Amino acid sequence: MATRHFLTLLDLSPEESRYLIQRAISIKNGLKTHGPTYTPFANRTLAMIFEKSSTRTRVSFETAMAQFGGHALFLSPRDTQLGRGEPIGDTARVLAEMVDAVMIRTFSHQGLEEYAAASDVPVINALTDDYHPCQLLADIMTWTELRGSVRGRTAVWIGDGNNMCHSWINAARQFDFQLRICCPEGYEPRQDILEAAGDRVSILHDPQAAVENADLITTDVWASMGQEEEQARREADFAGFQVTETLLDRAADNALFLHCLPAHRGEEISETLLDDPRAVVWQEAGNRLHAQKALIEFLLLGRVEP
Ligand code: CP
Ligand code: NVA
């Protein structure tokens, strides 16, 4: 059987995606009830290549492997031959001889695709400049846990048309909900990703209008990793796009707020937004652990029926 990778949400079918969300919820409940007694990965190893900083992604993958009875290896270009120019394809072949799966956080999505093409073991995208699909598994899991099926609902993305925004577009396709993207002119998501989503996704430029009656609001930093030198210009361009409690008041009564974190209080969100009960970002962050357990289990073992 061909090796399954998870480079974008579209690597799973919509049906597999829904399975993964339910499986993640079930794994989370099992952990709460029985503790970390489910150990399907005894002696299995996940290699984690980080070319960008991380808190949540590293801790969730490493803890997932530990609780599953396996092991995770942290690899950074600074300390490996990747940083000294060993070709990515050679690294992929070598790691596949030793580990059971590889997780990569990097800049170029094309570089990730090249790595995956050379890898005989599953490769997981832990963020590229273009996508952050693991975060969306946790986000859809959180929304589902708190509000039931997301099918037919309306989410609003406020901010940059970045990697997270692209993954929200793919999520709208996979989980069949409406997505309004509200960004300043010139910060729209990639046209091809947008067009592929058809009429599930619309672009707006007025946050007040965008959030009207929405079921979920989400945002992200204005300058992503690798765009640090654009910070000042972006702060000016995104003025008026801050998510505040007052903005959320225009959404549906039971609307939720998500943020992948880290957040910049006083920039893309108000100083106090994360203290608002509609903000469920700590649960969202914690769900990275459970969603990624379901993902690794699926890639290595296939479906595990309850
Ligand atoms: N949301 C997220 O991926 O966080 P980290 O950058 O801390 O991994
Ligand atoms: N868009 C952000 C997400 C961080 C988790 C970045 O790429 O830096």
Side-chain angles (χ1 to χ4, degrees), residues 6-9 24 46-65 72 74-77 102-112 124-143 157-171 179 181-184 187-190 193 217-231 233-235 237-238 241-243 257-265 267-269 273-274 279-293 295-296:
F6 184 67
L7 307 189
T8 77
L9 289 172
L46 172 75
M48 307 187 299
I49 300 174
F50 279 98
E51 296 188 328
K52 290 176 173 173
S53 303
S54 168
T55 299
R56 280 145 288 269
T57 303
R58 178 175 178 184
V59 174
S60 54
F61 270 109
E62 199 160 330
T63 305
M65 285 306 289
F74 176 78
L75 303 171
S76 88
V102 179
M103 182 235 83
I104 306 183
R105 170 168 285 198
T106 189
F107 292 86
S108 155
H109 191 77
Q110 194 190 330
L112 176 74
I124 297 170
N125 179 1
L127 184 146
T128 62
D129 288 345
D130 294 334
Y131 299 100
H132 194 5
C134 289
Q135 181 67 52
L136 260 293
L137 293 180
D139 290 5
I140 302 301
M141 176 186 173
T142 309
W143 193 7
W157 171 269
I158 299 189
D160 190 18
N162 64 10
N163 46 8
M164 276 296 301
C165 179
H166 291 159
S167 284
W168 269 99
I169 296 173
N170 283 346
L179 177 66
I181 294 170
C182 184
C183 57
Y187 290 95
E188 290 82 4
R190 241 172 57 195
I193 298 173
I217 316 293
T218 186
T219 187
D220 187 14
V221 292
W222 291 337
S224 287
M225 289 182 276
Q227 298 173 330
E228 288 78 6
E229 75 290 350
E230 297 176 27
Q231 178 70 31
R233 177 163 60 80
R234 284 170 172 265
E235 275 178 35
D237 290 348
F238 283 83
F241 284 78
Q242 185 182 79
V243 183
F257 173 75
L258 295 178
H259 189 311
C260 64
L261 306 179
H264 292 183
R265 290 173 175 81
E267 290 181 30
E268 78 275 4
I269 56 165
L273 188 67
L274 298 191
V280 290
V281 298
W282 314 121
Q283 180 173 339
E284 176 190 8
N287 280 341
R288 295 290 302 275
L289 172 68
H290 315 293
Q292 286 156 201
K293 277 184 172 173
L295 174 66
I296 302 167

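Atoms considered below: every heavy atom in the structure, side chains included; atoms not considered: hydrogens, waters and symmetry mates. Note that the coordinates shown come from a computational prediction; the quantities given were computed from them, not determined experimentally. When a ligand or atom number is given, it counts from 1 through the structure's own listing order.
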* Asked: Considering only protein heavy atoms, which is closest to atom 3 (C) of ligand 2, and at what distance to one decimal place?
  ->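 Scanning the protein heavy atoms, the shortest distance from atom 3 (C) of ligand 2 goes to D220 OD2, 3.7 Å.
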Would you mind running through ligand 2 and noting each atom that sits below 4.0 Å from a heavy atom of [X]?
X: N162; result: 1 (N)
X: L261; result: 5 (C)
X: M225; result: 6 (C), 7 (O), 8 (O)
X: L127; result: 3 (C), 4 (C), 5 (C), 7 (O)

[X] side chain to [Y] main-chain N or O, any donor-acceptor pair under 3.5 Å?
X: T63; Y: S60; result: no
X: H166; Y: R190; result: yes
X: R288; Y: A138; result: no

query: Looking at ligand 2, does D160 have a heavy atom less than 4.0 Å from it?
result: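 Contact absent.
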ask   = Which residue from D129, N163, T128 reaches closest to atom 7 (O) of ligand 2 through any of its heavy atoms?
value =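 That would be N163.
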*Contact residues of ligand 1 (heavy atom under 4.0 Å), by chain and number*: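 Close residues (ligand 1, cut-off 4.0 Å): S54, T55, R56, T57, R105, H132, Q135, C260, L261, R288.
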D129, T106, T128 screened by side-chain contact (heavy atoms from CB on, under 4.5 Å) with K52, the one that passes:
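For K52, the side-chain contact (heavy atoms from CB on, under 4.5 Å) check succeeds only for D129.
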Open item on the list: Using the rule side-chain contact (heavy atoms from CB on, under 4.5 Å), only one of P189, C260, P133, S224 pairs with M164; which is it?
Closed with: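 Going through P189, C260, P133, S224 one by one, the side-chain contact (heavy atoms from CB on, under 4.5 Å) with M164 is satisfied by C260 alone.
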Notebook entry, point to check: Should we count CD of Q110 as having more than 12 external heavy atoms under 6.0 Å?
Noted result: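 Open.
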Polar proximity ligand 2 side, K52 side, N/O cut 3.5 Å exclusive =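 So ligand 2 has no N or O lying under 3.5 Å from an N or O of K52.
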Can you confirm whether the side chains of Y131 and N125 place a donor and an acceptor under 3.5 Å from each other?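 The criterion, which ignores hydrogens and geometry beyond distance, is not satisfied for N125 and Y131.
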No-hydrogen, no-angle side-chain donor-acceptor test under 3.5 Å, T219 and E268: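 Per modelled atom types, T219 and E268 side chains form no pair under 3.5 Å.
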Quiz item: So among R234, Q231, Q242, which one has a side chain to side chain donor-acceptor pair (under 3.5 Å) with E267?
Solution: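 Running side chain to side chain donor-acceptor pair (under 3.5 Å) over R234, Q231, Q242 with E267 returns exactly one hit, Q231.
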### Query
When the ring planes of W222 and F238 are compared, do they come out parallel, tilted or perpendicular, using 30° and 60° as the limits?
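If you compare the ring of W222 with that of F238, the planes turn out parallel.
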